Amino acid sequence: MKKGLSGIIMQAIKTGQERGELADGPLPPLTLEYPKEARHGDYATNIAMVMASREQRPPREIAETILRWLKDEEEIIDRVEVAGPGFINFFLKEDYWRHFLSEADRQGERYGEGELGAGKRVLVEFLSANPTGPLHIGHGRIGVFGDALANILEKVGFEVEREYYVNDIGTQMELLGRSVYMRYLQECGKKVEFPADGYQGAYIREIARQIKEGEGDRYLPLPEGRVVDLLGQKASDVILRSIKDGLKRFRVSFDRWYREGDLYRRGLAPRILEELQGRGYIYELDGALWFKSTLFGDEKDRVVVRANGATTYFASDIAYHQDKYDRGYNLLIDIWGADHHGYIPRMEAAIQALGCDKSSFKVVLVQLVNLWRGGEQVSMSTRTGEFTSLQEVMDEVGVDACRYFFMLRRADSPLDFDLELAKKEGLENPVYYVQYGHARIASIFKKAAERGINVPTFSEVNASLLRLSEETGLIKRVAIFPELLEGMALSLEPHRLTSYLQDLAGLFHSYYNKHMVISGDKEMTKARLFLAKSIKAVLQSALGLLGIVAPEEM
RNA sequence: GCGCCUGUAGCUCAGAUGGAUAGAGCAACGGACUUCUAAUCCGUAGGUCGCAGGUUCGAAUCCUGCCAGGCGUGCCA
């Protein structure tokens, strides 16, 4: 419908040009915005002000000219005015907005679904935390972000798959194996010195203890290198299982767990390096193989095969991303912790060297979380084992509140998460505010049912009774939900959903306190019940996208 | 040193494509339950949008410089 209005405006400008009242030439892009204040209309455009400099006339005069040629054939406009420095404000016919209610009602749960992503396959890779320790709260933030973004992309028509890249080989794994091995030796009564760079968390001891308990000292006679491998494998399996369990509780799910080990067994890394070499992007220096990422804007070239013959993490990452393309995705979205930002230029370089379009690869950085407990910062190093795991935070704060809290912030804004505060906010947390809005409507419906009143559909209702400013405001919020979803999908900014939810819930709470939904007026009751139903559906849908429960009662 | 991110009310943070009087929650203060849930609502107070320039009809938003904090800057991942 926004399109319809812009069409009308563009047509008016063209007519003006044809009549010689406006200068010829390409038109500036038209922007239509929702004015913050109702008295500025339903839509406003600044087009006259943008055109002012080339027209050499005052914006208000240009606006008047445009209005003169405005043809509203479908009669959607009630009135138009020129305001302020030269805005054109459009006031639409009352039933314009109500039309969206019938759409919402007709589409039900599918309301808000769009064609934006139609036919496009997108792979969202996120979290991908190494299976060397429990997830911490920063992982939680990334998990929720990725999950919500994937949900939203799906909603607007993308074919989405969620993937977790499991880094199950290489240096970190070896270190994990050695750490467990040392603890194992200690469990067996040996006096050994624990490696300074090893994983010192209590969970390592626990894993070692279980191995000792279950399998005794059968690993003692084996050669160290072999045991380190075996125990590393065992430990990462245990840790990965607990990661999966934790994420399940956190309502974050994946379609695929992609193991770096599989990448190797299929020989994908050497193959892709060979191909890049064939294209002249690889050279040798100091015994190592380098990728010419500087050709694509990186600040230095990067090693892909070390002098000792081992391929780097970067090399497997190149192969991994090539494999993503090979699997037929049109768009790759990687969600990384902000501490990996230095990695972006080389990865973008690799994408281009592979011959892929740079715009088909997008990285979203999520800033890390600083955890506080009662004014004291909690250290979160996996290696030293000083952290509060995501599990503990979930237990303390609750999954709904935790997820909502994360989605309250922009991804690139650092987040201070104070456990005491989050718990204290348990009662005042905005998530309950929104959930309560949903529960309240459910409660109204219960009341209606007690009195034998059904919640009606659009066709059973005289929607023109909904003419209070609060009601129009609520209807508009329901109407822009699909646009909001598209905006979030395009900008990859799912956090906007929480602002929207609070806005919508707030308007409803206010409305609720001021006006009775169920009253002696039968027709009005039906109309308001219907409006409440629309709001409830949108609240439920939006909360669902965030992975948060929409309760029937609280 | 260089690069990226951040800086908005006492606190935590929103501010889509540059727009009209910069918003919300918490904290503070004062009110509203014989009516569908008071986990709510209504009101009051609270601002040099880090600082300084620039771009233009118009800047929290774009550009430059500076200040502060975080992160990165590996033949680690």
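Below, read A as the first sequence line, B as the second, and so on, with proteins coming before strands; counting in each chain starts at 1. Keep in mind that this is a model prediction, so the values were computed, not measured.
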**Asked** Aromatic rings A:F296 and A:F291: how do their planes relate, parallel, tilted or perpendicular, breaks at 30° and 60°?
**Response** parallel
**Request:** Identify whether any heavy atom of A:N89 sits under 4.0 Å from a base atom; if not, whether one sits that close to sugar-phosphate; answer base, sugar-phosphate or nothing.
**Result:** base
**Prompt:** In the strands shown, is B:G3 matched to any nucleotide by a Watson-Crick or G-U wobble pair with both distances under 3.5 Å, and which?
**Reply:** B:C71
**Request:** Using the C1' atom as the reference point in each nucleotide, state the distance between B:A9 and B:A22 in Å, no decimals.
**Result:** 11 Å
**Item:** Geometric cation-pi criterion, A:K514 with A:Y512: 6.0 Å, 45°
**Value:** no
**Message:** Parallel, tilted or perpendicular: which one describes the rings of A:Y43 and A:Y34, with boundaries at 30° and 60°?
**Reply:** tilted
**Message:** Whole angstroms only, please: what is the CZ-P distance between A:R302 and B:U73?
**Reply:** 9 Å
**Nearest-nucleotide 5' precedence on RNA chain B, A:M554 against A:A44** = A:A44
**Earlier contact from the 5' end, RNA chain B, for A:H509 and A:S499** = A:S499
**Prompt:** Hey, does A:H438 reach any base, or is it just sugar-phosphate, or nothing, if we go heavy atoms under 4.0 Å?
**Reply:** nothing
**Fill in**
A:F508 atom CZ is separated from B:U40 atom C1', nearest whole Å, by 11 Å
**Message:** Could you tell me how far B:A45 sits from B:G23 if I compare only their C1' atoms? Round to whole Å.
**Reply:** 16 Å
**Request:** Select base, sugar-phosphate, or nothing to describe what A:P414 touches, counting heavy atoms under 4.0 Å on all strands.
**Result:** sugar-phosphate
**Request:** Can you figure out which of B:C36, B:A77, B:C75 approaches the side chain of A:D286 most closely?
**Result:** B:C75
**Message:** For A:S236 and A:D168: C-alpha separation, side-chain torsions, deciding distance, then whether side-chain hydrogen bond (donor to acceptor under 3.5 Å, both in side chains) applies.
**Reply:** CA-CA 7 Å; A:S236 79; A:D168 60 348; over 6 Å; no
**Proximity to the side chain of A:Y433 - top-ranked nucleotide from B:C41, B:C36, B:A24** = B:C41
**Request:** Quickly work out the A:Q172 CD to B:G74 P distance and round it to whole Å.
**Result:** 17 Å
**B:A16 OP1/OP2 closer than 4.0 Å to side-chain N/O of A:S491** = no
**Message:** Students often get this wrong, so: under 4.0 angstrom with heavy atoms, is A:F314 touching a base, only sugar-phosphate, or nothing?
**Reply:** nothing
**Asked** With respect to the phosphate group of B:A14, does any side-chain polar atom (N or O) of A:S413 fall under 4.0 Å of OP1 or OP2?
**Response** yes
**Prompt:** Between A:F481 and A:Y500, what is the ring plane arrangement, given parallel below 30°, perpendicular above 60°, and tilted in between?
**Reply:** parallel
**Message:** By nearest atom, which of the nucleotides B:U6, B:C71, B:C36 is closest to the A:V517 side chain?
**Reply:** B:C36
**Request:** Side chain of A:M516 only, please: which of B:C36, B:U6, B:C57 is the nearest?
**Result:** B:C36
**Message:** Tell me whether A:H40 contacts the main-chain N or O of A:P35 through its side chain, where contact means a donor paired with an acceptor under 3.5 Å.
**Reply:** no
**Prompt:** Among B:U6, B:A77, B:G74, which nucleotide sits nearest the side chain of A:K300?
**Reply:** B:G74
**Asked** Taking the six-membered ring for Trp, are the ring centroids of A:Y320 and A:Y258 within less than 6.0 Å of each other?
**Response** yes
**Message:** Taking any heavy-atom pair under 4.0 Å as a contact, classify A:H40: base, sugar-phosphate, or nothing.
**Reply:** base
**Message:** When the C1' atoms of B:G15 and B:G25 are compared, how many Å lie between them, rounded to an integer?
**Reply:** 14 Å
**Prompt:** Does A:R410 place a side-chain N or O at less than 4.0 Å from the phosphate oxygens OP1/OP2 of B:U6?
**Reply:** yes
**Message:** Please confirm whether the shortest side-chain N or O distance from A:K514 to OP1 or OP2 of B:C41 is below 4.0 Å.
**Reply:** no
**Message:** Please tell me whether A:F417 and A:F405 form a close aromatic pair, meaning their ring centres lie under 6.0 Å apart.
**Reply:** yes
**Request:** Consider the side chain of A:Q502, meaning its heavy atoms from C-beta on, and name the nucleotide among B:C76, B:A24, B:A39 that approaches it most closely.
**Result:** B:A24
**Asked** Contact class for A:K446 (heavy atom, under 4.0 Å): base, sugar-phosphate, or nothing?
**Response** nothing
**Asked** Contact class for A:Y343 (heavy atom, under 4.0 Å): base, sugar-phosphate, or nothing?
**Response** base
**Presence of A:R60 side-chain N/O under 4.0 Å of B:C57 phosphate oxygens OP1/OP2** = no
**Complete:** Taking B:U21, B:C75, B:C5 as options, the one with an atom nearest any side-chain atom of A:A307 is B:C75
**Request:** In whole angstrom, give me the gap between the P atoms of B:G70 and B:A27.
**Result:** 30 Å
**Request:** Measure the distance from CG on A:N308 to C1' on B:C76 and round it to the nearest whole Å.
**Result:** 12 Å
**Request:** Take atom P in B:C41 and the same atom in B:A60, then report the distance between them in whole Å.
**Result:** 30 Å
**Message:** So for A:H341 and B:C5, does any side-chain atom that can act as donor or acceptor lie under 3.5 Å from a complementary atom in the base?
**Reply:** no
**Request:** Starting from P on B:C42, measure out to OH on A:Y511 and report it in whole angstrom.
**Result:** 15 Å
**Request:** Have a look at A:D503 and say if it touches a base, only the backbone sugar-phosphate, or nothing, with a 4.0 Å heavy-atom cut-off.
**Result:** nothing
**Asked** Under 4.0 angstrom, heavy atoms only, what part of the nucleic acid is A:S510 near: base, sugar-phosphate, or nothing?
**Response** sugar-phosphate
**Value in whole Å for how far the C1' atom of B:A77 lies from CG of A:L263** = 15 Å
**Message:** Nearest to the A:L415 side chain among B:A20, B:C13, B:A39, which nucleotide is it?
**Reply:** B:C13
**Item:** Nearest-Å distance for atom pair NE2/C1', residues A:H495 and B:C13
**Value:** 10 Å
**Message:** Using the P atom as the point on both nucleotides, what is the distance between B:A28 and B:G69, in whole Å?
**Reply:** 32 Å
**Fill in**
Looking only at B:G19, B:G72, B:A16, the nucleotide nearest the A:N46 side chain is B:G19
**Prompt:** Which part of the nucleic acid does A:E493 contact within heavy-atom distance under 4.0 Å: base, sugar-phosphate only, or nothing?
**Reply:** nothing
**Prompt:** Counting any heavy atom closer than 4.0 Å, what does A:A338 reach on the DNA or RNA strands: base, sugar-phosphate only, or nothing?
**Reply:** sugar-phosphate
**Message:** Looking only at the side chain of A:R409 (C-beta and beyond, no hydrogens), which of the listed nucleotides B:C36, B:U6, B:U12 gets closest?
**Reply:** B:U12
**Prompt:** So, is the end of the A:R79 side chain (NZ or CZ) under 6.0 Å from the ring centre of A:F91 and within 45° of the ring's axis?
**Reply:** yes
**Message:** Using a 4.0 Å heavy-atom cut-off, does A:A310 contact any base of the nucleic acid, only the sugar-phosphate backbone, or nothing at all?
**Reply:** nothing
**Side-chain donor/acceptor contact of A:D339 with base of B:A77 under 3.5 Å** = no
**Spacing of the C1' atoms in B:A14 and B:A24 (rounded, Å)** = 7 Å
**Message:** Can you measure A:I169 atom CD1 to B:A77 atom C1' for me and round it to whole angstrom units?
**Reply:** 12 Å
**Prompt:** Rounding to the closest angstrom, what is the interatomic distance between B:U55 and B:U61 at atom P?
**Reply:** 15 Å
**Message:** Using a 4.0 Å heavy-atom cut-off, does A:R528 contact any base of the nucleic acid, only the sugar-phosphate backbone, or nothing at all?
**Reply:** nothing
**Message:** If stacking means aromatic ring centre less than 5.5 angstrom from the base's six-membered ring centre, planes under 30°, is A:F87 stacked on B:G19?
**Reply:** no
**Request:** Taking A:S293 for its side chain and A:R346 for its backbone only, find out whether a donor-acceptor pair lies under 3.5 Å.
**Result:** no
